[in-house]
2 protein chains.
Amino acid sequence: MTTMGDVARIAGVSASTVSHVLNGTRNVNAATRLRVEAAIEEVGYRRNGVARSLAAGRTHTVGLSISALTNPYFGSLVHAVERALSDAGYVLIVGDSHDEVTSEQRVTGSLLDRQVDGMIVAPAAGSEHTTLPEITRTGTPLVLIDRGVDVGCDRVVPENFASAKTLTEHLLDLGHRRVAVVRGLAGITSTIERFDGYCAALSGRGITVDPALVIDGESSTDVAERQVHALMSDADRPTALVSLNNAMTIGTLKAVRGLGLSIPHDVAFCCYDDFEWSDLFEPRLTAAAQDVETIGVKAVELLLRRIHGDDDAAQHIRVPTTFHHRNSCGCG
Amino acid sequence: MTTMGDVARIAGVSASTVSHVLNGTRNVNAATRLRVEAAIEEVGYRRNGVARSLAAGRTHTVGLSISALTNPYFGSLVHAVERALSDAGYVLIVGDSHDEVTSEQRVTGSLLDRQVDGMIVAPAAGSEHTTLPEITRTGTPLVLIDRGVDVGCDRVVPENFASAKTLTEHLLDLGHRRVAVVRGLAGITSTIERFDGYCAALSGRGITVDPALVIDGESSTDVAERQVHALMSDADRPTALVSLNNAMTIGTLKAVRGLGLSIPHDVAFCCYDDFEWSDLFEPRLTAAAQDVETIGVKAVELLLRRIHGDDDAAQHIRVPTTFHHRNSCGCG
DNA sequence: GTGAAAGCGCTAACAC
DNA sequence: GTGTTAGCGCTTTCAC
């Protein structure tokens, strides 16, 4: 491997000069610079980022801890984060938390060991007592995404309550009185807030929440399918269904179809989260679309600000959803 | 920041002993180990991975260069790769090549600078003359995925030719004679091989390829939608359509629906790549499903073998697709 | 405008 | 079973 010393020798300068031409950190005589650049070219020199990071104390690396399994938005989120980071000269290390604190700690521990300059975490349930304090203790800038947890750091999460409320109210407005809900993984704020939105819509109309109509889909396609199948097999089944995230929507749709029921004729349907194919589906899905792209970009923005030394009060950003009124609800 | 020296001092041992208990690299007296562990616990010591990497000459890091834009499988691929790597104690750095050599070089250059122990690349068109040689020159283990390029290194790619041929033949078997094809990004092997499969199916039946029925979808949803729209607006439109990847399938379906045409009644349809919702769609999509999961896992397997010093001849793995016979083709 | 030298925090001979 | 020591390849004061 060729080092900076090799380049320096060939160019007839000191290593520090090579370093400075590489980094533009001080004025270098044009002729000297040229000699250095020629030498670099000649030996095909490539700087060692590890040594650089050790000496400089910064790695220009950011870690992302997320659960791929329960987050079908994984792709677009990672994509948005990667792009924003890359534009700022950082690289992204991804780790899968499996939505479980033990693996989350393994992931974030490994990121911390690697001296990431900052971290973006979609916290698993229980994370506020384990992983998160561990991170903040190191002083590593941290921003939470997807789910909010109160640990006094920046976070950017989707609008949950109002969106779920709107979805439910829409069904209520169409005359439905028995509206079932498929709810996500227990213990995470998005599940809680969306479910609260559902409840608020009902009470706003003087309807009490019927526990029999509350299904725990655990943010899983399979679980949702099983549970919805059971519920809809009942003679006394609901006339409308709200699914609170994309994975469960697929399960719900499978169950409904498996039963030979038709949407919206036999059961009206609205869902939180949109799909690329929502418009292609028959019937087209009425949905609250989350803006993952923005969530990723904003998270990076906040993080970079912290990395660059900003220490204002923690910011809490809510990214609004878009209501796509199509016809699975029974309209149009 | 607390260092190994601090821990050593507190435990009353040398730094090297601390290093050895941390890494299990030599026998340490049980009592000594306990003292060290207590000291580590006491100060909340966490090893500095950067220093470690510099001294050890390995980073336990692998880079992945891929195009998220044209690869809707991004999520599952990254997920599979991350999991396999994580199981082996490695972390993953992802970079987006945008399917364009310039950004690809930026990405891989940055990965090389960071001294990744190995690299997985889904090469952009033209990569064999730029990026790839640059990587191999550094001696960094490299495995290609998704598209094969002949640079003498390991690769794992999907079955393309036979799958596309099967799809086309199926349509031909159903009596179609005017079968159009929506073809991917020019210059990459998957596009070429799949298109060859289409051509082979036709010639096998004595049909010559009609250039008017060959659409360039450029692996893009929008382009495919526009082009299919144009083609299908024609009075003399084809009676069947084959789309050669998932992004273009969505565009194709949008175009067909936009024209008020029905599948398979007005036009029969088969596609390369499957979706989670293929079974939910009306009609259910007949498709050749790629096994991205396996591609990712195999790629990591090959890479780790190289990283661990194996230098056998380059391996070329083809991962078979699964033919899902549903009813967009006109059957059932 | 340029160089010398002291680290950054760790690993791994090597010696005992 | 443990300590000493010499780097790993770079950045960055400090001096000239």
Side-chain angles (χ1 to χ4, degrees), chain A residues 1-37 39-40 43-61 89 109-110 112-117 138-140, chain B residues 1-37 39-40 43-61 89 109-110 112-117 138-140:
Chain A
M1 163 179 285
T2 126
T3 76
M4 227 159 95
D6 300 333
V7 173
R9 197 170 322 111
I10 293 176
V13 297
S14 72
S16 88
T17 294
V18 176
S19 171
H20 284 118
V21 341
L22 240 26
N23 300 315
T25 33
R26 81 177 174 196
N27 282 339
V28 172
N29 179 298
T32 311
R33 172 185 297 112
L34 252 29
R35 285 213 315 286
V36 171
E37 282 163 352
I40 287 174
V43 299
Y45 171 73
R46 142 154 272 142
R47 69 139 84 65
N48 182 324
V50 174
R52 180 169 149 83
S53 292
L54 179 59
R58 288 161 302 107
T59 55
H60 282 282
T61 294
S110 155
L112 253 18
D113 281 1
R114 284 178 160 81
Q115 312 291 112
V116 292
D117 290 344
T138 66
T140 306
Chain B
M1 163 179 286
T2 125
T3 76
M4 224 159 98
D6 300 333
V7 173
R9 195 171 321 110
I10 294 176
V13 296
S14 73
S16 89
T17 293
V18 176
S19 170
H20 285 118
V21 339
L22 239 27
N23 300 314
T25 33
R26 81 177 174 196
N27 281 339
V28 172
N29 178 298
T32 313
R33 171 184 297 111
L34 252 30
R35 284 213 315 285
V36 172
E37 282 164 352
I40 287 175
V43 298
Y45 170 73
R46 142 153 274 142
R47 68 140 84 65
N48 182 325
V50 174
R52 181 169 147 83
S53 292
L54 179 60
R58 288 162 300 107
T59 55
H60 282 282
T61 294
S110 155
L112 253 18
D113 280 1
R114 285 178 159 82
Q115 313 290 112
V116 292
D117 290 344
T138 66
T140 306

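Since this is a predicted model, take the numbers as computed values, not measurements. All values below were derived from every heavy atom in this structure, side-chain atoms included, with hydrogens, water molecules and symmetry-related copies excluded. Below, read A as the first sequence line, B as the second, and so on, with proteins coming before strands; counting in each chain starts at 1.
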My understanding is that only residues two or more places apart in sequence, or in another chain, count here; which of them pass side chain to side chain donor-acceptor pair (under 3.5 Å) with Thr25(B)? none
Along nucleotides 4-12 of chain D, 5' to 3', which nucleotides get a B, which get an S, and which get a -, given that the test is a protein heavy-atom distance under 4.0 Å? B--BBBBBB
For Arg47(B), the side chain to side chain donor-acceptor pair (under 3.5 Å) test, sequence neighbours excluded, returns Asn23(B)
Name all residues meeting the side chain to side chain donor-acceptor pair (under 3.5 Å) criterion together with Arg35(B); count only those two or more places apart in sequence or in a different chain, and write none if there are none. none
Once salt bridge (charged side-chain N to carboxylate O under 4.0 Å, His left out) is applied, do any residues pair with Asp117(B), and if so which ones, sequence neighbours excluded? none
Residues that Arg46(B) engages under salt bridge (charged side-chain N to carboxylate O under 4.0 Å, His left out), provided they are two or more places apart: Asp113(A), Glu134(A)
Pairs touching residues 14-23 of chain B that satisfy salt bridge (charged side-chain N to carboxylate O under 4.0 Å, His left out), sequence neighbours left out: none
The helix from dG1(C)-dC16(D) to dC16(C)-dG1(D): angle between terminal helix axes, five bp per end, to the nearest 10 degrees, reads 30°
Which pairs count as salt bridge (charged side-chain N to carboxylate O under 4.0 Å, His left out) when at least one residue sits in residues 6-32 of chain A, sequence neighbours excluded? Asp6(A)-Arg9(A)
Results of ring pair (Phe, Tyr, Trp, His ring centres under 6.0 Å) for His60(B) - residues two or more places apart only: Tyr90(B)
Within a strict 4.5 Å, meaning less than it, do heavy atoms of the Leu22(B) and Ser19(B) side chains meet? no
Taking only residues two or more places apart in sequence or in another chain, which ones pass side chain to side chain donor-acceptor pair (under 3.5 Å) with Arg114(A)? Ser110(A)
Boundaries of the DNA chain C segment in contact with chain B, non-hydrogen, under 4.0 Å: dG9(C) to dC14(C)
